[in-house]
Amino acid sequence: MRRIPRRLSLLLLPLVLLSTQARAGVQLTVDGVADPLKGAVISGVELSQYATRDVSDAQVRRLYERAPDQVKSSLEPYGYYEATVTGALQQVGKDWQVTLHVQPGEPVKVTAVDVQLDETAAAIAPIRRAQRALERMKGKTLDHGAYDSARDALSAQLTANGFLDARLLTHRVEVTRANRSATIKLAWQAGPRYRYGRVHFEGSQFNDGFLDRYVPFKSGDYFAQDQLLELQQALNGADYFAVVNVLPDVDEARNGTVDVTVQLAPAKRTIYTGGPFIGTDTGFGLRGGMERRWVNRRGHKWKNELVVAQRLKTLSTLYSIPLPGTNQRSFNFGANFRDANTATSQSRTLELVGNEARLWRGWTRTLGVHALSGTFTVGKRGSEPDNTPGIEHGHSTLVFGEASLSRKRTDNPTFARRGWSLNLSARSTAGTLLSDASFSQLAADAKWIRAFGAKKRNRLILRGSAGYIWTNDFTALPPQLRFFAGGDRSVRGYGYQSIGPRNSDGRVIGGTSLLVASTEVEHYFTRNWGMAAFVDAGNAFSGIDYRPKIGAGLGVRWLSPVGMIRVDLGTPIHDSRNHGIELHLVIGPDF
């Protein structure tokens, strides 16, 4: 090993000593202000960058001298222009301890807001709301971040509502420190409001004009970005395409019109689904399905599904024919064979259905006719013989009309932090025409979800169901047309459809009325794992004899790769007839 020459070692010695002295960090403490001001101060002071970085004595003293001006600059965007800063610098071991005492002073208030906007643009509701958001800053502490956001929001609304040439001519914030006041002055030149031209579909596998049914606007309507988003969502929801890109040709806009190009790529035409599943209402089972996403160039669909579970077997087919128009109207024809075995009933029925579905005032509306025929037993417990006293047997054929309305809004269908759904339905026979009994039925189901608390780690879930039946022969109604309570999506702590009016032998036979409500609170410890506490109450009943059953318990939540898995343990409350703990398992999305 070669020795370093003596002269060179003498030259290197100061550098070695300097590097040894430089190994020090800065511990910064700020008091006198709370967040968000404290956070702004810390991030605005250069000293904060040296908590884990080496700094020399000379550097730390120089940075300390700059700190007061940096503190004042970091507070000005929040309206504090008269801040005073004192501090202390102390060496602790090899590190430096810096303490900054901040007095923000009195903030600047916004005393006037002048927003100049073309009358045509100001008359449009979203633009007017954005303008009022700016004007509501009057009387508040000047916040440059809030001002920038409100100003940009108004500019965005002008563009979103067709003013594609809008320009911001004046944007000033005049601060008078003497009286701690600020004046906001803004002026836009909106320019002409653009309209839609033509919509071009590229890559479609359908006949020309078929996809027009999904376009929520007509050529000549005023341009609106939310309608473009609605078009994209409608095409994605149609399940025909793997890729949907809706692109307004803004750069090519001429004569006040904007054409829209929709780039499409077909999805896989035929899909097969299948696999095991488990639910406490149905038991363990297998599900298989085949769906033809489009049968022909007119967009017809065909879907088939087979379910074989311990307590439920179904075979269903549904054929859909889309119709022209912007309301996504379609005719649907189907058949469903159902063999169900619950805690209180058994049924084997065949149902034929034909209906028309469409979008109506923001709702999905369905009008149709059902023909239902089959045999059933009610009041049976487990594997009892069919001739056991108290078991009721029936066979009926019913032809009835059905109307339903459904609507839901959610930020995420799999795991919602904000969302709700509402389903309303009405069924009725035409007296006893083609039916063994006459009946009419009204039913409603609702669900509401809101996240709350720090980082939205908690969710409040409210759920309710209600219904009523008018009939001249209740015994002729199969179990799926009667009302029962109990189970995973009803009153937990009780078995599926185990709650309802009883006959003279004490067997549950279902009721003509239903009223169920549920309150649930979830708390998530991690992104995917949480727990729940719930209280459910309700009953199926006849007449006015409503005596709700109450179930309560705890559960575990897991947002798994295959969807939300809910495991609940519920128990009846103050029920002399039912005791113990019931396990409930549900796999699936919130809505």
Side-chain angles (χ1 to χ4, degrees), residues 196-219 221 223-252 258-275 287-307 315-335 353-360 362 364-366 406 408 410-414 561-563 588-589 591:
Y196 289 110
R198 297 181 57 195
V199 178
H200 307 276
F201 292 99
E202 298 178 353
S204 168
Q205 67 270 41
F206 300 113
N207 292 335
D208 291 343
F210 171 74
L211 294 179
D212 292 344
R213 68 195 303 269
Y214 297 102
V215 180
F217 52 83
K218 300 186 295 293
S219 178
D221 288 351
F223 178 90
Q225 282 185 347
D226 59 345
Q227 290 179 326
L228 298 182
L229 178 60
E230 186 179 345
L231 172 58
Q232 175 135 7
Q233 291 173 337
L235 291 171
N236 283 323
D239 200 31
Y240 290 125
F241 308 105
V243 175
V244 178
N245 291 320
V246 179
L247 307 172
D249 301 329
V250 175
D251 294 338
E252 302 297 326
V258 181
D259 289 347
V260 178
T261 299
V262 182
Q263 299 174 344
L264 303 167
K268 187 177 180 181
R269 187 171 186 175
T270 304
I271 55 174
Y272 299 92
T273 58
R287 177 183 285 110
M290 185 278 286
E291 181 179 359
R292 193 77 161 164
R293 279 176 163 145
W294 70 93
V295 175
N296 49 39
R297 289 177 56 84
R298 291 172 292 171
H300 293 193
K301 289 174 170 287
W302 186 32
K303 184 176 183 180
N304 304 275
E305 185 179 55
L306 172 66
V307 173
L315 176 62
S316 60
T317 184
L318 182 67
Y319 193 89
S320 299
I321 303 174
L323 300 174
T326 57
N327 52 12
Q328 298 183 34
R329 186 169 166 236
S330 66
F331 281 141
N332 309 286
F333 305 93
V353 60
N355 62 43
E356 181 234 40
R358 68 167 69 189
L359 295 180
W360 180 76
T364 298
R365 190 191 75 183
T366 303
S406 63
K408 65 180 178 181
T410 176
D411 57 354
N412 186 329
T414 302
V562 297
F591 294 102

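Only a predicted model underlies this, so the values are computations on that prediction, with no experimental measurement involved. Excluded from the calculations below are hydrogen atoms, water molecules and symmetry mates; all remaining heavy atoms, backbone and side chain alike, are included.
- In this structure, Thr414 and Asn412 approach most closely via the heavy-atom pair N-OD1, 2.9 Å.
- Lys408 contributes no side-chain N or O that, together with a main-chain N or O of Pro413, makes up a donor-acceptor pair within less than 3.5 Å.
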For this session: Evaluate the criterion side-chain contact (heavy atoms from CB on, under 4.5 Å) for residue pair Val199 and Asp259; output intermediate values, then yes/no.
Result: CA-CA 6 Å; Val199 178; Asp259 289 347; over 6 Å; no
For this session: For Gln227 and Leu231, run side-chain contact (heavy atoms from CB on, under 4.5 Å): C-alpha distance rounded to whole Å, both residues' side-chain angles, the deciding distance at 0.1 Å, then the answer.
Result: CA-CA 6 Å; Gln227 290 179 326; Leu231 172 58; over 6 Å; no
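- The CH2 atom of Trp360 lies 12.5 Å from the CG atom of Asn327; values are rounded to the nearest 0.5 Å.
- Judged by the 6.0 Å distance and 45° axis criteria, Arg198 is not positioned over the aromatic ring of Tyr196.
- Rounding to the nearest 0.5 Å gives a distance of 6.0 Å between OH of Tyr272 and CE of Met290.
- A donor-acceptor pair is defined here as one N or O able to donate and one able to accept, closer than 3.5 Å; no such pair exists between the side chain of Glu356 and the backbone of Arg329.
- Checked against ring-ring contact (aromatic ring centres under 6.0 Å, His included), His200 has no partners two or more places apart in sequence or in another chain.
- Qualifying side chain to side chain contact (heavy atoms under 4.5 Å, CB included) partners for Asn207, counting only residues two or more places apart in sequence or in other chains: Arg297, Arg298.
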For this session: Test side-chain contact (heavy atoms from CB on, under 4.5 Å) on Leu264 and Leu211 and set out the steps.
Result: CA-CA 11 Å; Leu264 303 167; Leu211 294 179; 3.5 Å; yes
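- Evaluation of the side chain to side chain contact (heavy atoms under 4.5 Å, CB included) rule for Leu359 yields Gln328, Thr364 as partners, not counting sequence neighbours.
- Phe201 meets the ring-ring contact (aromatic ring centres under 6.0 Å, His included) test with no other residue; sequence neighbours excluded.
- Shortest non-hydrogen contact noted between Ser330 and Pro322 is CB-CA, 4.0 Å.
- If you take CG on Leu318 and NZ on Lys303, they are separated by 8.0 Å, rounding to the nearest 0.5 Å.
- Side chains of Asn355 and Thr366: no donor on one and acceptor on the other come within 3.5 Å.
- Residue Asp208 qualifies as open at atom CG: its count of foreign heavy atoms under 6.0 Å is 12 or below.
- Between the CG atom of Leu228 and the CD atom of Gln232 there is a distance of 9.0 Å, given to the nearest 0.5 Å.
- Looking at Arg269, its side chain does come within 3.5 Å of a backbone N or O of Val295 through a donor-acceptor pair.
- Between Phe210 and Tyr214, the ring-plane angle classifies as perpendicular under the 30° and 60° cut-offs.
- Nearest heavy-atom pair, Pro248 versus Phe223, reported as atom, atom and distance to 0.1 Å: CB-CE1, 3.8 Å.
- Residues meeting the side chain to side chain contact (heavy atoms under 4.5 Å, CB included) test with Glu305, sequence neighbours left out: Arg287, Val307, Ser316.
- To the nearest 0.5 Å, atom CD of residue Glu291 and atom NZ of residue Lys268 are 12.0 Å apart.
- To the nearest 0.5 angstrom, Lys301 atom NZ is 12.0 Å from Arg292 atom CZ.
- Qualifying side chain to side chain contact (heavy atoms under 4.5 Å, CB included) partners for Pro266, counting only residues two or more places apart in sequence or in other chains: Gln205, Trp294.
- Across all non-hydrogen atoms, the minimal contact from Ile271 to Arg293 is CG2-NH1, 3.5 Å.
- Distance alone, capped at 3.5 Å, places no donor-acceptor pair between the Thr317 side chain and the Gly334 backbone.
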